[in-house]
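Numbering of residues begins at 1 and proceeds along the displayed sequence. For ligands, and for the atoms within them, numbers begin at 1 and follow the listed sequence.
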Amino acid sequence: MAPQPLGSLKGFAVTFRQIFKKPITQQYPEFKRPVYPRFRGRHRLWRHENGLEKCVGCSLCAAACPADCIRVVADENTATNRVSAGERYARIYEINLSRCIFCGYCEIACPFDAITLGNDFELSEYARDDQIYTKDMLLAEPIKRVPVADGLLYDTPIPYYRTDS
Ligand code: SF4
Ligand code: SF4
């Protein structure tokens with residue numbers, strides 16, 4: 001073993017050499033690593049082309065949710081207030097993203113493709129209540145687009161129920 005001063009000098013030499021090397025780290029948020037093609041992130045609600053909401057307030061997504069974080073309160077469409085294409089619509093639709101485990105069961109359970117999970121993962125908030133996403137937030141356009149890795153690099157297919165991929 002080298003005597004202590006010599007050992008220290010060797011250590012400093014290693015450190016010194018690293019100073020002139022180009023860093024291999026990628027800085028976030030300047031660089032955003034593309035997400036996996038089947039990555040599940042922030043939800044969104046969809047409308048039909050005619051502007052009516054696809055959600056009919058059936059609560060199947062809420063029933064399927066293992067984290068119990070979806071709240072749906074339905075109401076009847078009327079001739080003067082038609083919101084969705086069905087008999088009923090979601091008067092209140094909320095997802096508490098602080099409880100969500102991003103399993104995608106809500107997306108699979110929905111019979112009308114009204115809700116899907118996108119790939120936005122930047123969901124930090126200062127207040128816990130801000131993690132509750134309302135219907136307006138979930139319907140809002142445009143949603144944040146996150147770079148997605150080339151699907152051909154992976155051997156798992158995009159699932160049949162993903163129409164927004
Ligand atoms: S992704 Fe899973 S946990 Fe999150 S809201 Fe949908 S069903 Fe619930
Ligand atoms: S998102 Fe789909 S499953 Fe959930 S309440 Fe609306 S129509 Fe029903």
Margin query: Within the 4.0 Å heavy-atom shell around Cys69, which atoms of ligand 1 are there?
Written below: 5 (S), 8 (Fe)
Margin query: Quick check on contacts: which atoms of ligand 1 are under 4.0 angstrom from a heavy atom of Phe102?
Written below: 1 (S), 4 (Fe)
Next item on the list: Starting from atom 3 (S) of ligand 2, find the nearest protein heavy-atom neighbour and note its residue, name and distance.
Entry: Cys61 N, 3.3 Å
Next item on the list: Heavy-atom distances under 4.0 Å are what count here, so tell me which part of Arg40 touches ligand 1: side chain, backbone, both or neither.
Entry: neither
Check: Taking only heavy atoms of His43, which atoms of ligand 1 are found under 4.0 Å from at least one of them?
Finding: 1 (S), 4 (Fe), 5 (S), 6 (Fe)
Item checked: Nearest protein heavy atom with distance in Å, relative to atom 5 (S) of ligand 2 -> Ser59 N, 3.1 Å
Margin query: Can you tell me if Ala64 contacts ligand 1 (heavy atom of the residue under 4.0 Å from the ligand)?
Written below: no
Note to self: If I compare all heavy atoms of Met137 with all of Ile132, which pair ends up nearest, and what's the gap?
What the structure shows: SD-O, 4.1 Å
Margin query: Using a 4.0 Å cutoff against the non-hydrogen atoms of Cys100, which atoms of ligand 1 qualify?
Written below: 1 (S), 3 (S), 4 (Fe), 5 (S)
Next item on the list: Check the surroundings of atom CZ in Phe102: do more than 12 heavy atoms from other residues, nucleotides or ligands lie under 6.0 Å from it?
Entry: yes
Check: Does the distance from a Lys or Arg side-chain N to an Asp or Glu carboxylate O, for Glu122 and Lys32, drop under 4.0 Å?
Finding: yes
Margin query: Checking the side chain of Ser59 only, and the main-chain atoms of Ala62 only, is there a donor and an acceptor separated by less than 3.5 Å?
Written below: no
Margin query: Whether the side chain of Asn119 engages the backbone of Pro37 through a donor-acceptor N/O pair (distance < 3.5 Å, no angle test) should be reported.
Written below: no
Check: Hey, is atom 8 (Fe) of ligand 1 within less than 2.8 Å of some N/O/S atom on Cys65?
Finding: yes
Check: Side-chain contact, heavy-atom cut-off 4.5 Å: His43 with Leu45?
Finding: no
Note to self: Are there over 12 heavy-atom neighbours, none belonging to Phe12, within less than 6.0 Å of that residue's CZ?
What the structure shows: no
Notebook entry, point to check: Among protein heavy atoms, which lies nearest atom 2 (Fe) of ligand 1, and at what distance?
Noted result: Cys103 SG, 2.2 Å
Notebook entry, point to check: Is there side-chain contact between Asn96 and Gln131, with at least one heavy-atom pair below 4.5 Å?
Noted result: yes
Next item on the list: Could you find the nearest protein heavy atom to atom 6 (Fe) of ligand 2 and give me its residue, atom name and distance?
Entry: Cys55 SG, 2.3 Å
Check: Looking at Val56, which atoms of ligand 2 are within less than 4.0 Å of one of its heavy atoms?
Finding: 6 (Fe), 7 (S)
Margin query: With heavy-atom distances below 4.0 Å as the criterion, list the atoms of ligand 2 near Cys110.
Written below: 1 (S), 2 (Fe), 3 (S), 7 (S)
Item checked: Side chain Arg40, main chain Leu117, donor-acceptor under 3.5 Å -> no
Notebook entry, point to check: Is the shortest heavy-atom distance from the side chain of Val56 to the side chain of Glu87 under 4.5 Å?
Noted result: no
Check: Among the clusters formed by ILVMFWY side chains lying less than 4.5 Å apart, do Leu139 and Tyr93 turn up in the same one?
Finding: yes
Note to self: Within the 4.0 Å heavy-atom shell around Ile101, which atoms of ligand 1 are there?
What the structure shows: 3 (S), 4 (Fe)
Checklist line | contact_flag Glu107 ligand 1 heavy-atom lt 4.0 Å | finding: no
Check: Is there a heavy atom in Ala109 that sits closer than 4.0 Å to ligand 2?
Finding: no
Check: Near Ile70, which atoms of ligand 1 are under 4.0 Å from a heavy atom of that residue?
Finding: 5 (S)
Check: For atom 8 (Fe) of ligand 2, what's the nearest protein heavy atom and its distance?
Finding: Cys58 SG, 2.2 Å
Notebook entry, point to check: So which protein heavy atom does atom 7 (S) of ligand 1 come closest to, and at what separation?
Noted result: Cys106 N, 3.3 Å
Check: Counting distance only, does the side-chain N/O of Arg82 pair as donor-acceptor with the main-chain N or O of Ser84 below 3.5 Å?
Finding: yes
